[in-house]
Asks: 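There's a structure below that I have some questions on.
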Amino acid sequence: MTCLHLLLTLVFAVSLGTPVEIQRPRGVPLTKKQFYEESKPFTCLDGSRTIPFDRVNDDYCDCKDGSDEPGTAACPNGSFHCTNAGYRPMFIPSSRINDGICDCCDTTDEYNSGAKCENTCKELGRKEREVLQKMAEITKEGFLLKQQLIEEAKKGQQEKQSKVTDMQENKKQLDEKVEALRTVKETAEQPEKEAKERHLKAWEEQKAAIRLEKDKAKMAETFLELDDNADGFVSVSELQSHAELDPDADGTLTEIEAQGLMGGAEQVDTSTFESVWPKIKDKYHSESQAEEPAPVETPPDEVKEPVVDNDSEPYPEDDISEEEDEDDEDEDDYHEDDDKAQPTIKTPEKTHEDEEAMPPYDADTQALIDAAQKARDDFEEAEKALREMDDQIRNIEKELSFDFGPDAEFTYLYSQCYELTTSEYIYRLCPFNRVSQKPKYGGSETNLGTWGSWSGPENNKYLLMKYEQGTGCWQGPNRSTTVKLTCGKETVVTSTSEPSRCEYLMEFTTPAVCQEPANIDPSPHDHVEL
Amino acid sequence: MAASCDSLLPLVLLLCLSAQAVDRSNFKTCDQSAFCKRQRELKPGQSPYRALLDTLELSNSRLSLQLINDNNKVRLLLELYRLQGNMTRVKINELKPLKPRYEVPDVLLSHPITEALSVVAQDENSLVVSLGGKDQRLILSAQPFRLDIVEGSQVLMSLNSRGLLAFEHLRTRKDTKSESEQATGQENVEQQTDEDGQIKEDDDKPGMWEETFKSHTDSKPNGPTSISLDFSLPGVEHVYGIPEHADTLKLKNTDGSDPYRLYNLDVFQYELHNPMALYGAVPVLISHSTDRTMGIFWLNAAETWVDISSNTAGKVRVISSEAPQTDVRWMSESGIIDVFIMLGPKPADVFTQYASLTGTQSFPPLSALAYHQCRWNYNDQEDVKTVDQGFDEHDIPYDFIWLDIEHADGKRYFTWDPSKFPQPKEMLQGLMDKRRKLVAIVDPHIKVDSGYKIHNEIRSKNFYVKNKDGGDYEGWCWPGNAGYPDFTNPEMRTWWASQFAYDQYEGSMENQYIWNDMNEPSVFNGPEVTMHKDALHGVWEHRDVHNLYGLYVQKATADGLIQRSEGVQRPFVLTRAFFAGSQRYGAVWTGDNAAEWGHLKISIPMCLSLGLVGISFCGADVGGFFKHPSAELLVRWYQAGAYQPFFRAHAHIDTPRREPWLFGPENTALIREAIRQRYALLPYWYQLFYNAHRTGQPVMRPLWVEYPDDFATFSIEDEYLIGKDLLVHPVTDEGATGVTAYLPGKGEVWYDVHTFQKHDGDQSLYIPVTMSSIPVFQRGGSIICRKDRVRRSSSCMENDPYTLYVALGSQGSAEGELYIDDFHTFSFEEAKQFVHRRLSFSANTLSSRNLAPDSQFSTASWIEKIVIFGGSQPSSATLKSADGTESALEFEFDSTLAVLTLRKPGVNAAADWTIVLR
């Protein structure tokens with residue numbers, strides 16, 4: 001098998017059902033037929049050299065560009081053209097000629113390998129037409145749906161835009177209202193504060209008087225108690241019976257110490273006792289039943305202003321997803337934040353309720369307080385409304401800032417979620433937000449990535465979505481998901497896979513990527529070279 | 001893939017979590033291995049052993065006499081054999097052991113052929129035995145006992161010259177002694193003590209009767225049984241071999257470190273440049289000097305440590321008064337001393353000698369030498385199909401796609417995951433339609449599951465390895481709880497082999513081949529991640545057979561593949577664990593390496609070391625198994641791997657995908673080119689494997705093998721030869737802009753195979769490199785046949801024509817071989833169905849001559865082109881065919897590079913022909 005003398009072959013091209021004979025060397029497309037003229041020497045298509053024509057397809061590579069061997073496997077860089085009548089013509093690398101594998105549906109690539117190939121072009125053509133037709137239908141309908149989506153999106157966008165504008169206007173008014181109410185509040189709070197202070201002061205004074213009274217009574221009582229012999233004097237020895245008064249805490253109250261307490265006197269009468277009393281009153285134990293200890297000065301109860309907390313503020317949607325749903329199957333289940341959950345809150349105990357509570361405010365003060373409280377409530381309510389307004393504006397602005405495609409056709413996916421259940425998992429795609437996976441039979445959700453960006457090829461970046469920074473993998477990267485969008489009438493997740501550890505691929509159909517059908521009736525059958 | 005970590009085993013997870021590199025504490029040092037510690041405590045000195053010359057017995061080919069240990073009066077039996085092909089066998093066993101000691105079966109091809117021995121001289125303290133050959137003699141000295149092998153006046157090798165022969169004899173346990181003496185041991189004890197008085201037992205040392213490592217206790221019912229012997233190699237500075245270690249080609253001095261360890265282990269993320277044991281063990285050491293190459297084959301399958309000590313280690317080589325010498329000491333935990341001393345004298349002789357003992361490399365089907373695409377794991381049938389198509393879309397050839405453990409149903413080997421691989425035959429047929437193949441993994445740990453047929457049969461046939469108490473041994477591995485079939489049992493192996501029959505292994509087809517991993521064996525919860533040493537294989541302890549287990553697994557599997565085709569098809573089985581003789585059963589890879597430049601570099605000495613001891617079919621995971629290679633590293637690894645015998649890309653399940661087209665078009669093109677170079681050279685690889693199969697010569701060779709007199713080559717491990725005609729210096733440094741290659745051979749010339757540039761030998765040559773460079777040189781004087789029409793798979797290239805690359809030597813001549821057969825059956829052997837031709841060029845005449853006239857095979861392949869380097873421009877070129885017809889050939893001559901291209905001789909590759917240039 002040294003050479004293959006079959007240089008020329010008859011090729012039947014089917015054009016509208018009529019066979020036409022075209023003579024050209026094996027493997028040459030019709031578009032290049034003119035370069036291969038049997039009567040002339042052949043010049044390599046790169047012009048590098050000219051060879052006798054009988055060296056075209058002689059199974060030896062003469063041209064660097066492989067152009068002399070379009071029908072053999074001799075050149076490493078050659079390509080072979082199959083006409084594939086009834087289907088699509090194509091080029092295959094010339095290394096696939098006579099390699100025992102049927103590549104061309106018209107079998108022309110295997111003319112000398114013994115491979116038994118069947119001509120499947122008609123069948124393939126038919127199937128392809130069917131598929132194309134189906135595709136065309138889907139595209140057509142999908143494209144119509146897409147137009148609706150675009151319309152709706154535009155409308156929605158306008159609405160939102162005008163809503164934002166309206167809200168901005170309202171917000172301005174609210175701003176003003178808040179400022180006005182703040183002034184009202186502050187104006188009402190000044191007299192309230194003064195009245196409250198007055199009231200408090202009066203009460204303090206009253207309390208001091210009462211305390212003084214009590215102290216005097218106690219002193220008198222003590223005097224009587226100490227004056228064991230009821231001679232109207234408290235003597236050193238009488239005082240000495242109260243060891244608790246020992247100033248150096250050695251357990252005994254010596255005579256000298258007692259005398260010291262008594263200001264050097266041997267005995268004191270009631271009036272002189274007034275100067276002794278302050279020195280002993282804190283330690284003194286009553287001889288009758290244990291009396292309550294001397295009152296300790298209590299600070300007036302702090303009036304706690306209610307702390308305005310922000311619980312009314314709604315979370316921006318995507319913040320929620322940032323929370324780690326980190327219960328990863330192969331991760332240890334150790335949660336270090338478990339133990340910081342409940343710091344024991346010490347509620348300050350009410351130690352004593354010795355004195356009467358503060359007397360109620362008088363009517364005038366109360367009126368001032370009520371007025372101030374109302375002003376505060378009004379102010380807070382307005383401020384809350386303003387915050388809510390702000391949030392709403394921010395959310396709408398955020399939504400408006402997303403890239404929903406050149407015609408906003410992907411807008412409708414926003415704040416939606418789509419699920420696919422496989423044998424093991426439920427996958428959930430929330431476009432522009434996140435992708436997650438949850439075991440079908442219980443277990444926690446795993447974040448497969450949060451919205452990153454469009455990442456399709458340069459000519460159409462809207463064919464792929466990238467979700468990144470999902471839950472981390474052991475010894476690996478954070479999970480991420482690529483969502484591949486294809487044209488379909490319905491918006492559905494059609495498949496998911498994990499081609500590489502922790503890198504997921506999701507197939508998703510949506511009308512939003514349907515292209516305008518190129519021609520009204522695509523019929524590849526008509527497309528025949530010539 | 002290793003006992004790395006997976007979610008399934010919290011235990012293993014713990015073991016691995018912290019590990020970025022190997023966790024050394026999981027593996028024993030010599031100090032932690034009781035026998036190694038005991039043995040190493042013995043220092044060189046006067047040997048207590050004395051040969052009893054009066055016990056000498058000499059038959060035609062066997063000399064025996066007794067040795068006595070004067071310290072304890074225990075007697076040993078020494079046997080000496082002279083073997084055909086310049087080898088000496090030295091066997092030492094206890095004269096009368098309490099019970100038999102293990103002698104390794106199934107490794108030697110057969111009983112080695114002996115040659116006559118004769119005693120040529122004898123006096124009261126010595127004996128001289130003629131070894132024939134060039135005045136070679138063996139001198140046996142009686143006291144102290146030592147052996148010297150001499151040639152003329154030169155000592156080639158001495159045994160026990162440092163007095164480190166140590167033989168721990170079997171003994172009864174002291175606490176049970178009186179009892180056993182009365183019972184079974186009585187007779188033996190009496191016999192041993194009747195002559196020279198009482199045997200003086202050594203004092204018990206720690207670890208003699210029980211040994212604990214981490215949480216594992218080795219019960220050691222037989223007590224201490226270790227053996228040791230030293231070998232001195234005067235004049236030797238370079239020793240090689242004893243794989244498998246992730247270390248330099250030239251073995252290092254172990255004076256200050258642990259000895260090299262041989263104990264098959266599943267090491268998670270192994271470290272480079274240390275003597276720790278890895279997955280396989282071949283107890284063969286090769287010594288080399290400019291004078292002589294020799295080998296020592298220590299036939300023992302137990303845990304073994306090898307100490308290397310060289311008096312020139314670490315010194316600059318100067319002319320010193322002290323002659324260089326290397327001392328080698330072998331220590332094994334059990335068994336006997338059975339040593340084969342291969343006396344060379346040339347490297348090729350040692351390879352021939354070793355091959356005559358343990359056999360040669362199996363001849364793989366051609367496709368197994370092509371490119372393999374592997375990953376843990378290709379997820380499902382669809383994935384396999386997509387990857388297969390990816391290769392066609394990117395016009396990259398490949399022959400095999402591989403399925404790792406996830407393909408099986410719950411790690412039950414011989415089954416398929418019903419949801420991922422519901423139609424395995426459909427998948428295999430799809431590959432077959434593309435003339436491609438598949439490898440599926442079958443590991444030797446068997447899931448303990450009463451619903452699993454394989455397990456039930458093994459259990460019912462009582463084929464599992466037993467634990468020390470006699471129950472089925474169970475350990476943890478990929479499937480969870482698993483049993484380990486006793487592959488040392490020939491009946492078990494026969495049954496195992498039968499499981500590969502197409503009607504047994506459901507879903508299998510003839511283009512499916514097998515991969516045996518984890519066959520050290522790996523036991524996740526066992527001591528050192530392997531089997532307990534007191535587990536039982538019939539009457540033998542696992543201790544005795546450990547290093548042999550993996551060989552048996554691969555053997556049984558390869559037998560299965562042969563049997564399923566009724567003996568027609570050559571098998572292909574990859575193994576991770578191996579032993580001496582494993583070359584007979586398939587390929588070996590260097591286990592779970594990592595995507596690091598150091599691992600790329602070390603793949604060369606690791607495979608060279610294996611080649612030196614018979615295992616030619618070696619490769620490393622291209623790209624690195626663990627971690628994620630940069631595009632540069634991956635490309636460089638493909639370029640290097642394309643020029644190593646076993647060429648497979650593989651990746652850990654946790655790494656990102658890395659099929660060749662995932663790194664951008666430029667890198668795809670570079671990888672495509674590297675793989676294509678491999679395919680074009682397949683005829684050369686195939687011929688070399690045929691040669692390795694026939695003669696035992698390694699395929700991948702250190703330079704010193706071909707240039708044994710050139711001292712400069714002795715430590716080179718960043719370049720090597722494929723056969724003797726291609727020199728490869730792969731780029732293994734990040735960001736390299738050049739490499740310095742040593743081109744050996746005074747008077748030789750080398751041709752850059754890419755640029756055709758000619759370089760003189762005996763020089764270091766700086767070669768600037770770019771990302772596309774793979775520095776490869778063809779030796780002047782050689783002819784290499786290539787198939788330059790690279791196709792989708794090697795099978796597709798079956799009938800393609802050859803191009804002959806004739807590189808003229810300085811004398812203007814060249815020689816080469818061409819080997820062709822059907823590329824996949826045993827017909828080459830059984831029916832001499834092959835073509836083997838000598839191609840030679842001299843005196844301006846190139847001819848093809850039949851090297852095997854009694855063979856017959858017809859091929860469709862023909863000679864497409866002949867490229868001659870280093871010649872001059874002829875005025876004519878005439879082809880003379882076998883039938884006498886003459887025709888003129890057209891040619892082109894590139895005068896700047898002196899390259900002559902003969903156009904289309906067109907002769908059949910099997911025919912006689914001559915081309916004359918004038």
Side-chain angles (χ1 to χ4, degrees), chain A residues 1-4 49 51-52 55 58-62 66 69 72-79 91-103 109-110 112-117 328-333 422-424 472-477 480 495-503 505, chain B residues 4-8 10 13-14 16-17 20 375-380 382-383 386-387 392 395 397 419 433-436 626-628 651-659 662 676 680 788-793 795-801 860-865 890 903-908:
Chain A
M1 198 215 49
T2 66
C3 343
L4 299 158
R49 67 191 292 190
I51 55 174
R55 295 203 173 164
D58 72 338
D59 208 15
Y60 185 90
C61 191
D62 292 286
E69 298 294 319
T72 78
C75 294
N77 50 350
S79 59
F91 286 96
I92 57 168
S94 62
S95 65
R96 295 181 192 172
I97 300 167
N98 290 328
D99 67 349
I101 300 164
C102 310
D103 291 288
D109 60 317
E110 296 299 314
N112 198 25
S113 69
K116 293 191 189 84
C117 301
D328 195 3
E329 65 283 9
D330 40 35
E331 213 87 13
D332 42 358
D333 283 323
T422 66
S423 55
E424 281 178 81
C473 273
W474 179 74
Q475 270 212 339
S480 64
S495 77
T496 59
S497 57
E498 189 183 357
S500 195
R501 190 75 144 197
C502 304
E503 290 177 14
L505 179 68
Chain B
S4 60
C5 304
D6 206 30
S7 47
L8 87 165
L13 197 69
L14 272 178
C16 303
L17 262 177
Q20 278 311 303
R375 166 170 191 85
W376 176 23
N377 215 91
Y378 285 119
N379 299 330
D380 48 30
E382 195 53 39
D383 199 2
T386 308
V387 172
D392 287 345
D395 203 14
S419 63
D433 291 344
K434 296 260 195 83
R435 308 185 75 173
R436 287 173 177 150
F626 292 113
K627 302 185 180 171
H628 182 41
H652 188 276
I653 193 167
D654 286 334
T655 61
R657 294 288 280 235
R658 52 167 105 132
E659 284 70 48
L662 295 177
R676 283 174 168 232
D788 283 336
R789 302 185 181 188
V790 173
R791 298 184 186 257
R792 261 184 290 219
S793 72
S795 302
C796 293
M797 295 160 66
E798 183 184 347
N799 295 319
D800 279 340
S861 293
W862 46 286
I863 310 296
E864 169 174 36
K865 194 198 282 192
E890 263 190 53
R903 187 186 192 279
K904 206 179 180 188
V907 286
N908 186 280

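The basis for the numbers below is simple: all heavy atoms, side chains too, and nothing from hydrogens, waters or symmetry mates. All chains are named by letter (A, B, ...) in the order of the sequence lines, taking the proteins before the strands, and each is independently numbered beginning at 1.
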Asks: Heavy-atom pairs under 4.5 Å with chain B are the metric here; pick the option from P76(A), P499(A), S423(A), C502(A) that has the most.
Replies: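 Result: the option with the highest number of such pairs is P499(A).
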
Asks: May I ask you to name which of R676(B), K865(B), E798(B), R903(B) has the most heavy-atom pairs under 4.5 Å with chain A?
Replies: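 Result: the option with the highest number of such pairs is R903(B).
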
Asks: Any ion pair linking R789(B) and E864(B) (charged N to carboxylate O, less than 4.0 Å)?
Replies: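 Salt bridge: yes.
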
Asks: Please confirm whether the backbone N or O of T655(B) pairs with a side-chain atom of R501(A), one donor and one acceptor, at under 3.5 Å?
Replies: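 No.
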
Asks: Tell me, for R792(B) versus chain A, whether the close heavy atoms (under 4.5 Å) come from the side chain, the backbone, both or neither.
Replies: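 Contact with chain A: side chain only.
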
Asks: Tell me which of these, D383(B), D433(B), D395(B), has more heavy-atom pairs under 4.5 Å with chain A than the rest.
Replies: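 Max contact count across the listed options: D395(B).
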
Asks: As a test of understanding, state which of S795(B), P397(B), S793(B) forms a side-chain contact (heavy atoms from CB on, under 4.5 Å) with R436(B).
Replies: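 Of the listed options, the one satisfying the test is S793(B).
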
Asks: Is a donor on one side and an acceptor on the other found under 3.5 Å between the side chain of E110(A) and the backbone of N98(A)?
Replies: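 Between the backbone of N98(A) and the side chain of E110(A) there is a qualifying donor-acceptor contact (under 3.5 Å).
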
Asks: Give, for atom CG of D109(A) and atom OG of S94(A), the distance between the pair rounded to the nearest 0.5 Å.
Replies: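 Rounded to the nearest 0.5 Å, the CG-OG separation comes to 11.5 Å.
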
Asks: Would you call the rings of H652(B) and F626(B) parallel, tilted or perpendicular, taking 30° and 60° as the class edges?
Replies: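 Taking F626(B) first and then H652(B), their aromatic rings sit tilted (interplane angle of 30° to 60°).
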
Asks: Which bit of A74(A) is near chain B, if near means a heavy-atom gap under 4.5 Å: side chain, backbone, both or neither?
Replies: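 Both parts, backbone and side chain.
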
Asks: What part of D392(B) gets within 4.5 angstrom of chain A, counting heavy atoms only: side chain, backbone, both, or neither?
Replies: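 Both parts, backbone and side chain.
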
Asks: Which bit of E659(B) is near chain A, if near means a heavy-atom gap under 4.5 Å: side chain, backbone, both or neither?
Replies: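 No part of it gets close to chain A.
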
